[in-house]
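Heads up: the structure comes next, in structure tokens.
Note that the structure is a prediction, hence the values are computed from the model and not measured. Side chains included, hydrogens not; waters and symmetry mates left out as well; all remaining heavy atoms used.
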Amino acid sequence: MQAGPLAASAWADDSHARRAADHAPHAAPAQKTAPAAARTAPVAAAAPVKGEDIVVATHRLSPADQARAQLDSLPGAATVIDAKQVLRGRNLTNADALAFQPGVFAQSSGGGDGLRLSIRGSGIQVGTNYFRSGLLMMFDGLPVTTPAGTPYELFEPLGLRYTEVLRGANAFDYGGLQLGGGINYVTQTGYDAQTYQARVEAGSFGYNKEQLSSGKVIGKADYYISVTNSYRGGYQTETQANSFGVNANFGYHFNDRVSTRFFFRYRQTENGYPGYLTRDQILENPKQAQAPYRAWHSVRIQPGTKFYGNMTTFQIDDQSKLELGFDYQDAPIDIQNVKFSQIWGYKTVAGVLNYTRHDVLAGHKSDTQLGFMDTSDLEAWQTNRVRVQTANLVGLPIGQILRHVTYGGTENYFHLRNNTELFHNFWLTTAAAVAFIQKSSGVPYPYTAAGANFKQSSVNFVPRGGFRYVISPHVELYGNVSRSIQPPNDWNLNYAGPYFTGNTPQSGMNSGAGKLRNQTATTYEIGTTGHAWRNKWSLTYYHSDVRNELLSVMTPASQAIGASIYGNASPTTHQGVEASLETTLYEWAGNTLSLRQAYTWQDFRFRHDAVFGSNRLPGIPEHFYQGEIHLDTKAGFYAGFNAQVSSKVGAAYDETYFAPSYHIYNLNIGYDWPGKHRQVFLSVNNLANTHYAAIVVPGYIAAGKQLAVMQPGDGLGVFAGLSLGFN
């Protein structure tokens, strides 16, 4: 799914294809059956012959193809995931939707919405019940990431057109300056949705999920609405999960140059919490839960998160375009995991401005983009209350306030980028951004120590340069050098060291509440994409020199309060290889047998740390592979057999404790009625019923002991689905 070297890769030879790419993903054509010039690309044109008609054949560009054409201008690694392919099997969480993406480590456990998500080592130690870190995550180009990180409950995988995965600095054009890059989830609209659609999935562990949706074009307006509901009893004890959500948008085209779209998302979830297990517990009985959490019936509740947004596009002329967007989020959280409850409230606002222009300077094609992105807390706080009577809470009534913390943050990114074709098919990218970041925290109750209230701010310069060379119509080479910056989430500041046990590490992490510094990195990237001999490939190597890496550690004391401790590491190195290969093995009579593969090598380690030397950073596998052999028939039947292979995962910073390597095998078969919007599928996951750790949130020093820092993946499960659509 790599955005490869297509004819539309820079300034397309066909101006209509270029214009279609410029409008994706925020704008849609003025009519559902738009003129071919607006949504098609040329296939072949007969040579003019005297006395004969000239016939031009065209094919319609899908929204995903338009997005691929737009991403072709990037001098780096980016892919587009077409939702039509993802919908051919189970869609439980975003781990299903993000499969087969090189460089992306996406794992879930327990069946809830919590997702372990990392790109190039971003947020590698963050567990499943936390805001995501190290990535800019978006809906339709609007930021969902806030100064607190990214709330995860809104990311229902159903209802999408496609997903853009921009690894590393390749999210720069969106304002994504963090180490991992960005992910942009693009929603269906009335232009590409079915008028009425119903989908149901069900299977093992008490799982069932239903979706009803509708989309339609009405004159100059269109709408799309999707309602989902799901429940799962859970593979592991105390992992029951349920959710209900609404995803809707409304668009209006005032004329050929001005359009607007309003977005609304709502989702409420409730996920059981089983705690963490040791390696031996997972290998022997992965269904068990830690005793205190089982007794307390621990649960994390998102009682109703809301997202409101708008994106308005002004096509100023044939060479320039302006996009203005904003969004507002309200994300309440009720965490009932431990002996006290944690009630959180986050209200945030974000705004984006993007101006793009195409010029010819001194005979050279040149694209320029000027952008601004702001995300700011309007209201952010946390209150801890007594939940259950325990030995150290004797005498305190249920509901008694133990602590109240306030947070504040704003992140502002101004970015400028230019792509210029220095000579035929060789493009030079120069870019720079200025980041203004401010974070604050206070403890109004109980206020017991100096330094409980603090504020920190910084101004940062973030440059980027790269090249892209289309060697032939089939092969492209690219490279870039870039800086990145990642501020700590505002709530991290009150979970910074020293450890609650008083055992403050002297190296590996710099401790001190409220003294976390911004993580920065310089990254070098080189790669190639192309297609030849029935193969389509992407291959990227990157090397990042990281300073003040934001790491977390799980200790017995931190588990007791349902949190990890955060700190800045001594210098670290991230390097890796991201490779994908899609091969057509055999074709006959409209049928295709194909093989797709995705491999990630990730080598993250300290650089001469006083305690840990050159140890690898724990929490993520060094080698991760996914491969699938797939059959598609002309009659509509399809089948796939795939494997997921992971090397062992470090579970402590001293490299004495590991989660074992594993192999998982899955089967998926289905039938798409040709020419109709009807589909059935059957998925069998983890065919060998392998016991394995899907999530590892590492401890500090294991010294040969087994730490409870792992969460299991699902065992053998069978799932079936049915989708019916009508226009």
Side-chain angles (χ1 to χ4, degrees), residues 24-34 39 60-66 81-92 96-97 139-140 154-163 185-203 207-231 242-253 259-268 307 309 635-638 670-683 719-727:
H26 309 309
Q31 298 178 2
K32 195 163 189 174
T33 55
R39 288 176 66 96
R60 190 175 300 276
L61 286 176
S62 70
D65 288 337
Q66 293 181 41
I81 306 170
D82 193 333
K84 289 183 178 179
Q85 296 300 316
V86 179
L87 291 173
R88 303 182 98 188
R90 188 193 68 172
N91 273 246
L92 174 59
D96 294 325
F139 290 137
D140 302 278
L154 289 173
F155 289 90
E156 164 60 58
L158 295 180
L160 300 176
R161 281 193 287 176
Y162 59 87
T163 301
Y185 297 86
V186 179
T187 318
Q188 289 195 54
T189 69
Y191 290 98
D192 44 59
Q194 297 158 37
T195 305
Y196 304 104
Q197 185 263 341
R199 181 183 177 94
V200 61
E201 301 179 4
Y207 170 65
N208 63 81
K209 187 172 191 176
E210 306 87 29
Q211 179 198 28
L212 293 174
S213 65
S214 176
K216 192 174 183 179
V217 177
I218 306 173
K220 293 184 176 182
D222 76 283
Y223 75 89
Y224 175 76
I225 183 170
S226 170
V227 179
T228 57
N229 183 73
S230 70
Y231 173 80
N242 60 73
S243 70
F244 171 81
V246 178
N247 172 12
N249 64 76
F250 173 81
Y252 190 83
H253 281 252
S259 62
T260 190
R261 187 167 298 278
F262 294 90
F263 302 93
F264 171 72
R265 287 175 180 261
Y266 171 86
R267 200 150 183 264
Q268 60 187 46
F307 176 94
F637 174 80
Y638 60 88
Y671 184 74
D672 271 323
W673 272 259
K676 298 181 180 180
H677 302 295
R678 302 175 188 174
Q679 179 191 66
V680 293
F681 69 84
L682 176 69
S683 299
F719 306 89
L722 169 67
S723 179
L724 299 174
F726 306 92
N727 284 323

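- Interatomic distance, D82 CG to D65 CG, rounded to the nearest 0.5 Å: 7.5 Å.
- Within 6.0 Å of atom OH in Y196, 12 or fewer heavy atoms from other residues, nucleotides or ligands are found, so the atom counts as exposed in its surroundings.
- In plain terms, the two heavy atoms of S243 and N229 that are nearest each other are O-OD1, 3.2 Å.
- Of the listed residues (D140, I81, T163), just one forms a side chain to side chain contact (heavy atoms under 4.5 Å, CB included) with Y185, and that residue is T163.
- F307 is linked by a ring pair (Phe, Tyr, Trp, His ring centres under 6.0 Å) to F139, counting only residues two or more places apart in sequence or in another chain.
- At distances below 3.5 Å, not a single donor-acceptor pair connects side-chain atoms of D192 with backbone N or O atoms of G190.
- Remark: side-chain polar atoms of S213 are not paired, donor with acceptor, to backbone N or O of I225 under 3.5 angstrom.
- Taking CZ of F264 as the start and CZ of F262 as the end, the distance is 14.0 Å to the nearest 0.5 Å.
- Between the side chains of N727 and Q194, not a single donor N or O lies within less than 3.5 Å of an accepting N or O.
- In terms of modelled atom types and a separation under 3.5 Å, the side chain of R88 and the main chain of Y638 share no donor-acceptor contact.
- Side chains of R199 and L158 form a contact here, defined as non-hydrogen atoms less than 4.5 Å apart.
- Relative orientation of the Y252 and F250 rings is parallel, given thresholds of 30° and 60° on the angle between their planes.
- For the atom pair OG of S214 and CD of Q188, the computed distance is 11.0 Å after rounding to the nearest 0.5 Å.
- When the side-chain hydrogen bond (donor to acceptor under 3.5 Å, both in side chains) test is applied to Y207, the partners found at least two apart in sequence or on another chain are E201.
- In this view, N249 and R261 satisfy the side-chain hydrogen bond (donor to acceptor under 3.5 Å, both in side chains) rule, not counting sequence neighbours.
- Between the side chain of D222 and the backbone N or O of T189 there is no donor-acceptor pair closer than 3.5 Å.
- The backbone N or O of T187 sits less than 3.5 Å from a side-chain atom of R161, completing a donor-acceptor pair.
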